[in-house]
Amino acid sequence: MREVFTCIIVDDEPAAHMVLKNYINRSPQLQLVTQCYNIPEVTEYLRDNDTDLLFLDIHVPETSGLEFLQSHPNPPKAILTTAYSQYALKSYDYGVVDYLLKPIPYPRFQKAVKKFLSLHNAAELFMPKTLTLKVDKEKIQLSEADVDYVQSLGNYVKVYVGSRFYLASTTTQEILSHLSPKRFVRIHKSFAVNLGKISHYSEKEVVVSGKTLPIGITFKRELFKRLLSGNFPAQPI
């Protein structure tokens with residue numbers, strides 16, 4: 001299960017931003033990635049970036065929060081924040097996680113976040129994970145079951161899928177945060193692998209889809225523990 005989820009505040013009131021930012025900073029499971037004051041701003045951000053959760057005010061300039069959820073083809077999960085209670089029932093038609101009335105007490109904020117986490121973790125148990133990469137300004141979606149291994153190259157990573165690889169501007173740690181920890185493990189400072197794709201291994205290296213990769217000494221213990229305890233096809237050389 002993932003430990004940190006990205007979120008965005010969408011509200012036209014600076015005071016609301018201050019309160020929510022304070023609450024988010026007190027929540028170790030959340031990482032605030034940007035703050036928006038209207039719907040065009042968040043729409044522009046989501047055009048090139050992903051996020052897990054929106055703290056979305058209903059009454060924002062130009063387009064309402066509910067209209068945004070209705071018109072967006074694949075909106076992130078949303079916790080609505082508003083001073084108006086009359087939209088509570090209607091809001092659940094849009095698949096919102098929770099509905100917070102301003103002024104928002106911190107315990108009520110915590111309850112909404114816990115609800116989001118429980119819903120997300122329950123979904124992870126039953127849905128196959130997909131990995132979204134930004135490659136040459138284009139978003140590529142890969143099934144984690146198809147990924148062989150990931151190689152770090154400074155500020156970039158190569159994600160290998162069969163005979164192909166995808167070069168993306170990100171980090172291996174960020175990639176791993178979106179993949180199942182039961183399936184993927186870091187074996188070297190430069191490599192993370194899909195345990196199900198390891199055919200053979202020795203004290204110093206593994207063979208993944210016909211390619212030999214080194215094992216870093218600091219990662220060896222965890223790797224062998226996972227290989228020996230899981231239902232994987234790897235065989236010792």
Side-chain angles (χ1 to χ4, degrees), residues 1-125 127 129-132 134 139 141 170-171 173-175 177-178:
M1 301 295 181
R2 285 170 56 189
E3 296 181 356
V4 178
F5 296 85
T6 58
C7 62
I8 298 173
I9 298 171
V10 186
D11 200 302
D12 62 331
E13 300 176 358
H17 279 257
M18 290 179 62
V19 171
L20 288 170
K21 184 177 180 180
N22 176 44
Y23 288 175
I24 291 168
N25 288 339
R26 293 165 64 183
S27 305
Q29 307 96 333
L30 299 180
Q31 177 187 356
L32 182 63
V33 291
T34 193
Q35 296 173 239
C36 301
Y37 289 83
N38 53 55
I39 296 302
E41 285 184 7
V42 70
T43 301
E44 178 67 22
Y45 180 86
L46 292 175
R47 187 173 291 120
D48 297 317
N49 305 274
D50 293 319
T51 195
D52 298 308
L53 177 64
L54 300 178
F55 289 96
L56 178 64
D57 187 17
I58 291 180
H59 292 281
V60 283
E62 301 188 43
T63 305
S64 77
L66 293 180
E67 288 173 338
F68 165 76
L69 293 177
Q70 184 178 33
S71 62
H72 197 285
N74 187 29
K77 291 295 184 183
I79 294 175
L80 295 182
T81 61
T82 180
Y84 303 91
S85 62
Q86 64 264 36
Y87 299 99
L89 186 60
K90 180 181 179 182
S91 71
Y92 290 101
D93 292 336
Y94 298 87
V96 302
V97 174
D98 209 342
Y99 190 98
L100 300 181
L101 282 174
K102 300 176 180 177
I104 303 168
Y106 182 58
R108 184 65 183 87
F109 172 89
Q110 286 181 302
K111 184 177 179 180
V113 171
K114 287 180 180 178
K115 185 176 180 181
F116 162 74
L117 295 173
S118 65
L119 290 171
H120 190 282
N121 290 337
E124 279 194 331
L125 292 176
M127 295 178 60
K129 285 179 174 289
T130 58
L131 176 64
T132 302
K134 189 176 179 183
K139 287 186 178 180
Q141 285 198 327
T170 184
T171 65
Q173 192 59 41
E174 175 63 20
I175 292 287
S177 72
H178 294 281

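What you see is a predicted model, and the numbers here were worked out from it, not measured in a lab. Positions are given from 1 along the sequence.
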**Item:** Least distance between heavy atoms, E41 atom then Q35 atom
**Value:** OE1-O, 4.2 Å
**Message:** Could you report the tightest heavy-atom contact between F109 and S27, atom names first, then the distance?
**Reply:** CE2-OG, 3.5 Å
How far does [atom1] of [X] sit from [atom2] of [Y], to the nearest 0.5 angstrom?
{"X": "H17", "Y": "L32", "atom1": "NE2", "atom2": "CG", "value": "9.5 Å"}
{"X": "K139", "Y": "D48", "atom1": "NZ", "atom2": "CG", "value": "7.0 Å"}
{"X": "H178", "Y": "Q173", "atom1": "NE2", "atom2": "CD", "value": "10.5 Å"}
{"X": "I58", "Y": "L80", "atom1": "CD1", "atom2": "CG", "value": "5.0 Å"}
{"X": "Y106", "Y": "N22", "atom1": "OH", "atom2": "CG", "value": "8.5 Å"}
{"X": "N49", "Y": "E44", "atom1": "CG", "atom2": "CD", "value": "9.5 Å"}

Do [X] and [Y] make a side-chain contact, defined as non-hydrogen atoms from C-beta onward lying under 4.5 Å apart?
{"X": "C36", "Y": "I8", "value": "yes"}
{"X": "V33", "Y": "Y45", "value": "yes"}
{"X": "K21", "Y": "N25", "value": "yes"}

**Message:** Show, in sequence, the C-alpha distance, side-chain angles and deciding distance for L117 and F5, and conclude whether the side-chain contact (heavy atoms from CB on, under 4.5 Å) test is met.
**Reply:** CA-CA 9 Å; L117 295 173; F5 296 85; 3.4 Å; yes
**Request:** Any chance you could lay out the ring pair (Phe, Tyr, Trp, His ring centres under 6.0 Å) test for F55 and Y23, step after step, and finish with the verdict?
**Result:** CA-CA 11 Å; F55 289 96; Y23 288 175; 9.3 Å; no
**Message:** For K114, is the NZ atom crowded, meaning more than 12 foreign heavy atoms sit under 6.0 Å from it?
**Reply:** no
**Message:** Whether K111 and D98 form a salt bridge (side-chain N of Lys/Arg under 4.0 Å from carboxylate O of Asp/Glu) is what I want to check.
**Reply:** no
**Cationic N near anionic O, under 4.0 Å, K134 to D50** = no
Look only at the side chain of [X] and the backbone of [Y], and say whether a donor-acceptor pair between them is shorter than 3.5 Å.
{"X": "D52", "Y": "T6", "result": "yes"}
{"X": "T132", "Y": "Q141", "result": "no"}
{"X": "E67", "Y": "S64", "result": "yes"}
{"X": "H59", "Y": "T82", "result": "no"}

**Asked** Can D57 and T81 be counted as having a side-chain donor-acceptor contact under 3.5 angstrom?
**Response** no
**Request:** May I have the step-by-step check of side-chain contact (heavy atoms from CB on, under 4.5 Å) for L56 and I39, ending in yes or no?
**Result:** CA-CA 9 Å; L56 178 64; I39 296 302; 4.1 Å; yes
**Fill in**
side chain to side chain contact (heavy atoms under 4.5 Å, CB included) with V42: of L54, T34, T51, only one passes, and it is L54
**Asked** So L53 and Q29, side-chain contact (heavy atoms from CB on, under 4.5 Å) or not? Walk me through it.
**Response** CA-CA 12 Å; L53 177 64; Q29 307 96 333; over 6 Å; no
**Request:** Kindly indicate, with the supporting measurements, whether the criterion side-chain contact (heavy atoms from CB on, under 4.5 Å) is fulfilled by H72 and L46.
**Result:** CA-CA 10 Å; H72 197 285; L46 292 175; 4.1 Å; yes
